[in-house]
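Worth saying up front: this structure is predicted, and the values here are computed from it rather than measured. All chains are named by letter (A, B, ...) in the order of the sequence lines, taking the proteins before the strands, and each is independently numbered beginning at 1.
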Amino acid sequence: MSLQATTSHTVGPFFSIGLTRLAHAEIAGPGVAGERIVIEGRVLDGDGKPVPDALIELWQANSHGKYAHPEDSQEKPIEPGFKGYGRQPSDDAGKFRFTTIKPGPVPGPDGKPQAPHISVSVFARGLQRRLVTRIYFPDEAANASDFALGRVDPARRGTLIAKKAGGQPGQLEWNVILQGAGETVFFDIGL
Amino acid sequence: MAPLTGYRRPYPGTQPNHLHPTYRSSLKRAPAQPLVYLPHTLSEITGPVFGPEPADLKATDLTKQGHGDPLGKRIIVSGRVLDENGRPLRGALVEIWQANSAGRYLHRNDQHNAPLDPNFIGEGHALTDDQGRYRFVTIRPGEYPWGNHYNAWRPAHIHFSVFGPAFVTRLVTQMYFPGDALLPYDPIFNCTADEKARNRLISVFDWETTVPSHALGYKFDIVLAGRDATPMEI
Ligand SMILES: [Fe+3]
């Protein structure tokens, strides 16, 4: 047996076995209100190599800034058919892609609105705990006063903000760099 | 809106770190920068809700997903999903996946020279009932070798994915079997420093759920936050 860590004889997690059932790239179906966006990106390791066995999960509010969840007691409209959850594995090139709508602002800890954002979990072999991060949006004035971005070293904030891509409206690029130069900011939420 | 209380955070050592040099895949994947502390907001205390799905008996009985009986020892794996205060969580989505009795996954990347079982797919899902309970019928998974180090073998395990009530309570982990001689040698199992916390990942043989002349029962309770939180293990 080889001493090298190889992708064959790998330890699971074989996410594409256990977790494909719920995988879907389209978070907002037709008829859901809001600005249509496409988020594309890659998951890269500390050597800049694609991570082909990651799983990305997104959690977001609707365009009014309301979560489809009983703990959200805001008097804002619920969007029928909009759950706000998406799950996609990365492909052999480390790529993932989601289509959704831009979420509205939700309240922060001080009651003031947070800048629009999507919560992200990253799972991959080698990561015993998921990594938690957020996707923010370009040209968003509210980013300047967002409480979570305010906790981040200004030099690293850019890793949380998607970039316009492809010249198409709503086309965004947002990458997950697990380690090293340009490392994505990950949050400690305890679990 | 009422002020948010947020979820209790785990005690030090009771969850794995990201970097574990003994687990080689973590070396290039664990973040090098410290995590940024984030208080829980509405974004963290909400999470996807999975409604009642049409009853799918095959989803909870992994021995009935092929045309015949899979090879191996039938087992019943059941337990409860609990919140940080030990209260049962109803409607929690529990997904599992596992190797077959020979230690082989039905996956293109699994090159282990052990037989595939045409009658075993190895995945299931369930929603917890009003008492927070889930129950799967499956076969005992085999141990399998992996490339982490010389003569590396994974103890027998079942992968679990659980959605609790919030983004914070998302859990992916692995369940082990009592008395498995490979546990002390497994870098994945030993990533959680606290021995008591780590041992929460070992199921308990359960006489109550054992079905006479049919299948041994194993109990595995899952706690989604607080002092008794089940460690993550991807
Ligand atoms: Fe495994």
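Note that CG of B:Leu35 is 10.0 Å distant from CZ of A:Phe187, once rounded to the nearest 0.5 Å. Atom-to-atom distance recorded for B:Phe50:CZ and A:Lys83:NZ is 5.5 Å, nearest 0.5 angstrom. Atom CD of A:Gln74 sits about 5.5 Å away from atom CG of B:Leu42, to the nearest 0.5 Å. Summarising the geometry, atom CZ belonging to B:Arg170 is positioned 12.5 Å from atom CH2 belonging to A:Trp59; distances are rounded to the nearest 0.5 Å. With values rounded to the nearest 0.5 angstrom, A:Ile189 atom CD1 is found 10.5 Å from B:Tyr7 atom OH. To the nearest 0.5 Å, atom NE2 of residue A:His69 and atom CZ of residue B:Phe167 are 12.5 Å apart.
Contact annotation: the side chain of B:Ile45 never approaches that of A:Asp72 to less than 4.5 Å [non-hydrogen atoms, C-beta and beyond]. Between A:Phe123 and B:Ser161 the shortest side-chain heavy-atom distance does not fall below 4.5 Å.
Taking chain B as the reference chain and counting heavy-atom pairs below 4.5 Å, the highest number among A:Arg134, A:Arg129, A:Arg151 is found for A:Arg129. For the set A:Val152, A:Thr184, A:Val120, the count of heavy-atom pairs under 4.5 angstrom toward chain B peaks at A:Val120. The candidate from B:Ala229, B:Pro39, B:Gly47, B:Pro10 with the greatest count of non-hydrogen atom pairs under 4.5 Å with chain A is B:Gly47. In terms of non-hydrogen atom pairs under 4.5 Å with chain A, the most contact-rich of B:Glu233, B:His20, B:Arg8, B:Gln33 is B:Gln33. Per-residue heavy-atom pair counts under 4.5 Å with chain A were compared for B:Ala30, B:Pro165, B:Cys191, and the maximum is reached by B:Ala30.
For a residue to count as touching a neighbouring chain, one of its non-hydrogen atoms must lie under 4.5 Å from one of that chain's; by this rule A:Ala148 touches chain B with backbone and side chain alike. Only the backbone of B:Leu27 has a heavy atom closer than 4.5 Å to any heavy atom of chain A. Neither the backbone nor the side chain of B:Tyr11 comes within less than 4.5 Å of any heavy atom in chain A. There is no contact between B:Leu19 and chain A, counting heavy-atom distances below 4.5 Å. Using a 4.5 Å cut-off between heavy atoms, A:Glu57 touches chain B through its side chain atoms alone. If you measure heavy-atom distances from A:Pro103 to chain B, you find no contacts under 4.5 Å at all.
Environment of OH in B:Tyr185: sparse, with no more than 12 heavy atoms of neighbouring residues, nucleotides or ligands closer than 6.0 Å. Heavy atoms of other residues, nucleotides or ligands lying less than 6.0 angstrom from CZ of A:Arg36 number more than 12. No more than 12 heavy-atom neighbours from other residues, nucleotides or ligands sit within 6.0 angstrom of NZ on A:Lys95. Residue B:Arg227 places its CZ atom among 12 or fewer non-hydrogen atoms of other residues, nucleotides or ligands, all under 6.0 Å distant.
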Could you go through the side chain to side chain contact (heavy atoms under 4.5 Å, CB included) check for B:Leu38 and A:Phe186 one step at a time?
CA-CA 10 Å; B:Leu38 190 70; A:Phe186 299 106; over 6 Å; no
Kindly determine whether B:Gln15 and A:Gln128 satisfy side chain to side chain contact (heavy atoms under 4.5 Å, CB included), including the steps that lead there.
CA-CA 9 Å; B:Gln15 291 284 339; A:Gln128 284 296 70; over 6 Å; no
May I have the step-by-step check of side chain to side chain contact (heavy atoms under 4.5 Å, CB included) for B:Glu44 and A:Val132, ending in yes or no?
CA-CA 10 Å; B:Glu44 285 73 38; A:Val132 170; over 6 Å; no
Which is it for A:His117 and B:Ser43 under the side chain to side chain contact (heavy atoms under 4.5 Å, CB included) test, yes or no, and what are the steps along the way?
CA-CA 9 Å; A:His117 64 271; B:Ser43 302; 2.7 Å; yes
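One finds no salt bridge joining A:Asp45 and B:Arg29 here, because no Lys/Arg side-chain nitrogen approaches an Asp/Glu carboxylate oxygen to under 4.0 Å.
Pairing each heavy atom of A:Arg130 with each of B:Ile234, the nearest pair is N-CD1, 3.5 Å. Shortest non-hydrogen contact noted between A:Glu183 and B:Pro31 is OE2-CB, 3.3 Å. Across A:Gln179 and B:Ser26, no two heavy atoms sit closer than the pair NE2-O, 4.4 Å. The two residues B:Tyr23 and A:Gly126 have their closest heavy-atom pair at OH-N, 2.9 Å. The shortest heavy-atom contact between A:Leu191 and B:Met232 is C-CE, 3.0 Å. In this structure, B:Val36 and A:Val185 approach most closely via the heavy-atom pair CG2-CG1, 3.8 Å.
Side-chain atoms of A:Gln114 and B:Thr41 include a donor-acceptor pair closer than 3.5 Å. Between the side chains of B:His125 and A:Arg21, a donor-acceptor pair is found at a separation under 3.5 Å. No hydrogens or angles considered: a donor-acceptor pair under 3.5 Å links the side chains of A:Arg125 and B:Ser25.
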